[in-house]
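This report refers to the structure that appears directly beneath it.
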Number of protein chains: 2
Amino acid sequence: MLSEQPIQSIRKTIQGYEKEDKAYIAVDCIIFGFDLNEEELKILLVQRDFEPQKGEWSLMGGFLKKDENLDEAAARVLYQLTGLYDIYMEQLGVFSEIDRDPADRTVSIAYYALINIIDHNQEMVDHHSAQWFNLSEIPRLIFDHNKMVNSAIQRLQYKASVQPIGFELLPEKFTMRHLQKLYEAILQRELDKRNFTKKINALDILIKLDEKDKESSKKGSFLYTFDKEKYLQKRAEGFVFKI
Amino acid sequence: MLSEQPIQSIRKTIQGYEKEDKAYIAVDCIIFGFDLNEEELKILLVQRDFEPQKGEWSLMGGFLKKDENLDEAAARVLYQLTGLYDIYMEQLGVFSEIDRDPADRTVSIAYYALINIIDHNQEMVDHHSAQWFNLSEIPRLIFDHNKMVNSAIQRLQYKASVQPIGFELLPEKFTMRHLQKLYEAILQRELDKRNFTKKINALDILIKLDEKDKESSKKGSFLYTFDKEKYLQKRAEGFVFKI
DNA sequence: TTTGATAAGTGTAAAAATTACATTTAAAAT
DNA sequence: ATTTTAAATGTAATTTTTACACTTATCAAA
């Protein structure tokens with residue numbers, strides 16, 4: 001059998017894959033943030049300030065380097081724009097149409113990130129001419145970036161309903177209203193307040209603090225935090241998050 | 001603003017991305033088939049017959065070429081092994097650890113395919129020393145292929161429960177039992193026969209034929225086909241498949 | 001022709017989950 | 001004291017899911 005193998009099969013394994021084509025590998029990030037004042041879910045876009053397509057909006061991106069894997073590249077790209085690290089990110093998928101990038105054959109891997117919107121470094125964001133956009137007001141983006149955004153929204157809707165990742169978009173302490181408005185923004189439908197509270201309380205993964213948020217009303221509303229320890233414990237015992 | 005841009009940003013756009021690293025891009029396929037006799041879900045693996053790692057099991061793979069996108073590359077790789085085309089395939093994700101392939105920096109995109117197991121070209125399969133393995137008996141695979149397989153099983157479990165892709169694994173005509181055993185194999189749990197039938201009938205997307213399959217019992221059991229037209233019609237009207 | 005064997009086919013009741021819906025309460029401002 | 005504002009809270013109806021067992025059609029063997 002071995003003697004029948006074409007020589008390049010052996011070359012492939014031992015010396016590399018010289019006969020194959022290479023391509024550039026990019027990473028593009030859909031960065032989600034939740035604006036607590038407007039109660040709107042937003043994404044952070046950068047404006048190209050060089051030709052061609054100067055002035056057009058784009059996802060923040062970068063190229064995969066020799067010495068990093070894709071998760072690392074995505075984290076690096078996010079850091080470059082926001083100054084944030086240790087952020088929840090998830091790979092969405094690969095976009096590989098031949099001419100998606102007119103400059104050169106590049107396949108791009110889309111990632112989405114969930115950040116607490118007030119944490120980002122405003123200077124770095126300004127430096128990239130970046131801006132937050134409501135989901136309903138996303139402009140036309142370069143290349144196939146609108147497809148990536150749509151894919152990210154879909155994935156977020158699914159993921160947020162089966163894993164407690166919504167908290168990544170909120171500050172450490174939040175009110176029940178914040179949480180509900182967040183899920184309404186993600187799922188793009190209104191939720192019943194009493195049923196929502198009931199469901200969240202039944203999950204039993206929040207800690208109700210003694211503290212109140214007095215911003216929104218005279219009465220004030222109690223603040224909560226996500227009890228990650230408890231969630232992990234429960235999950236280990238077979239509990240599944242579901243909203 | 002333009003004048004402040006570093007020169008390579010302009011070069012990038014106009015001439016390509018010379019300063020960036022390139023990599024090989026591979027595609028690996030998790031090929032699922034459902035064995036109606038054994039009532040087992042299986043995947044098709046190929047055996048490396050060249051050094052190094054000769055004799056080890058692997059997913060069928062190939063490299064992305066200049067003139068094709070990843071979906072096309074995946075379809076080509078599937079065709080090379082099975083002789084099948086126009087097959088349901090879905091991208092799973094990218095595997096990009098730096099040293100995942102010892103021969104050269106290669107990122108691989110995993111795809112899974114669902115085929116009617118009796119359709120494949122046995123000669124082509126034999127030619128690649130390929131073999132079907134039960135999900136519970138997957139051997140150790142090269143590189144990160146075991147991770148890919150696990151990821152595929154998870155994705156299939158999710159996808160098959162929210163989209164009618166199970167039929168891709170069955171022949172044109174199948175019995176209610178076939179369908180139930182298939183879902184049991186995918187979901188890896190037993191289902192109640194009466195509840196299952198009730199649920200499937202409620203979906204109202206199958207056509208019950210006058211024909212019976214007499215293989216399995218004296219009485220014989222009615223054959224069904226998936227009514228794709230009807231499903232697409234219903235989906236357009238807001239119906240969502242759910243098992 | 002009767003009997004036995006085999007898997008197919010079928011319904012109902014209990015439990016759980018989801019939905020719809022309106023009033024009272026706390027606190028600040030006037 | 002009165003007004004204003006959003007927070008907090010429970011119940012009943014509906015829908016969905018689950019558990020569960022006997023009859024039927026057909027062939028093969030006695």
Side-chain angles (χ1 to χ4, degrees), chain A residues 36-39 157 160-162 170-171 173-185 187-225 234 238-243, chain B residues 35-40 157 160-162 170-171 173-185 187-225 234 238-243:
Chain A
L36 284 177
N37 298 316
E38 297 182 26
E39 299 184 333
Q157 288 182 347
S161 68
V162 298
L170 293 174
K173 302 173 182 180
F174 51 85
T175 66
M176 204 50 95
R177 178 188 177 104
H178 290 151
L179 191 60
Q180 181 180 341
K181 292 299 171 188
L182 170 65
Y183 274 96
E184 289 181 345
L187 303 175
Q188 293 178 183
R189 61 191 170 91
E190 299 210 334
L191 301 172
D192 178 90
K193 182 167 62 159
R194 277 176 291 187
N195 292 340
F196 183 80
T197 308
K198 203 194 307 179
K199 191 167 239 173
I200 295 293
N201 285 332
L203 292 175
D204 187 31
I205 51 175
L206 294 190
I207 297 169
K208 184 175 189 171
L209 304 176
D210 288 334
E211 229 173 310
K212 277 189 167 184
D213 171 23
K214 307 295 281 277
E215 299 287 305
S216 57
S217 79
K218 322 280 167 98
K219 186 178 176 179
S221 62
F222 280 104
L223 289 164
Y224 293 80
T225 54
K234 292 184 73 163
F239 165 81
V240 285
F241 179 93
K242 188 84 188 69
I243 278 192
Chain B
D35 185 320
L36 285 176
N37 298 314
E38 297 183 25
E39 298 184 334
E40 289 264 17
Q157 288 183 346
S161 68
V162 297
L170 293 174
K173 301 172 183 182
F174 51 86
T175 68
M176 204 51 96
R177 180 189 175 105
H178 291 150
L179 191 60
Q180 181 180 341
K181 292 299 170 186
L182 169 65
Y183 274 96
E184 289 181 347
L187 302 175
Q188 292 178 185
R189 61 192 170 90
E190 299 210 334
L191 302 172
D192 179 88
K193 183 169 57 158
R194 278 176 291 186
N195 292 339
F196 183 78
T197 309
K198 203 193 310 174
K199 191 169 240 174
I200 295 293
N201 285 331
L203 292 176
D204 187 30
I205 51 174
L206 294 190
I207 297 168
K208 185 176 188 171
L209 304 175
D210 288 334
E211 232 172 313
K212 276 190 168 185
D213 171 22
K214 306 296 282 278
E215 299 285 304
S216 57
S217 78
K218 323 281 167 100
K219 186 177 177 181
S221 61
F222 281 104
L223 288 164
Y224 294 80
T225 53
K234 291 185 73 162
F239 166 80
V240 285
F241 179 94
K242 188 83 190 68
I243 278 193

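Every chain is numbered from 1 and lettered A, B, ... according to where its sequence line falls, protein lines coming before strand lines. Predicted model only: the values in this text are computed from it and were never measured.
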Among [options], which is the nearest nucleotide to the side chain of [X]?
{"X": "Lys219(B)", "options": "dT24(D), dA27(C), dG10(D)", "result": "dT24(D)"}
{"X": "Lys212(A)", "options": "dA26(C), dC21(C), dA7(D)", "result": "dA26(C)"}
{"X": "Lys199(B)", "options": "dT17(D), dA19(D), dA7(D)", "result": "dT17(D)"}
{"X": "Asn195(A)", "options": "dT10(C), dC21(C), dA8(D)", "result": "dC21(C)"}

For [X] and [Y], which heavy atoms make the closest approach, and how far apart are they?
{"X": "Lys234(B)", "Y": "Leu203(B)", "result": "NZ-O, 2.8 Å"}
{"X": "Leu191(A)", "Y": "Glu184(A)", "result": "N-OE2, 2.8 Å"}
{"X": "Lys212(A)", "Y": "Lys219(A)", "result": "NZ-O, 3.2 Å"}

Within the structure shown, what part of the strands sits under 4.0 Å from Lys214(A) by heavy-atom distance: base, sugar-phosphate, or nothing?
sugar-phosphate
Flag side-chain contact, heavy atom, 4.5 Å: His178(B) against Asp213(B):
yes
5'-most by nearest nucleotide on DNA chain D - Tyr224(A) or Asp192(B):
Tyr224(A)
Residue met sooner reading DNA chain D from 5', once Asn201(A) and Lys218(A) are mapped to nucleotides:
Lys218(A)
Euclidean distance, atom [atom1] of residue [X] to atom [atom2] of [N] [Å, nearest integer]:
{"X": "Gln180(B)", "N": "dG9(C)", "atom1": "CD", "atom2": "P", "result": "12 Å"}
{"X": "Lys193(A)", "N": "dT19(C)", "atom1": "NZ", "atom2": "P", "result": "18 Å"}
{"X": "Arg194(B)", "N": "dT17(D)", "atom1": "CZ", "atom2": "C1'", "result": "14 Å"}
{"X": "His178(B)", "N": "dA7(C)", "atom1": "NE2", "atom2": "P", "result": "13 Å"}
{"X": "Leu191(A)", "N": "dA17(C)", "atom1": "CG", "atom2": "C1'", "result": "16 Å"}
{"X": "Glu215(A)", "N": "dA7(D)", "atom1": "CD", "atom2": "P", "result": "12 Å"}
{"X": "Phe196(A)", "N": "dA17(C)", "atom1": "CZ", "atom2": "P", "result": "18 Å"}
{"X": "Phe222(A)", "N": "dA7(D)", "atom1": "CZ", "atom2": "C1'", "result": "10 Å"}

Residue-phosphate contact under 4.0 Å: Arg177(A) side-chain N/O, dA7(D) OP1/OP2
yes
Does dA8(C) have OP1 or OP2 under 4.0 Å away from a side-chain N or O of Ser216(B)?
yes
Pairwise 5' ranking along DNA chain C for Lys208(B) and Lys242(A), keeping only the more 5' one:
Lys208(B)
Does Lys208(A) make a cation-pi contact with Tyr224(A), if we ask for NZ or CZ under 6.0 Å from the ring centre and within 45° of the axis?
no
Got a donor-acceptor pair under 3.5 Å from the side chain of Lys198(B) to the base of dT18(D)?
yes
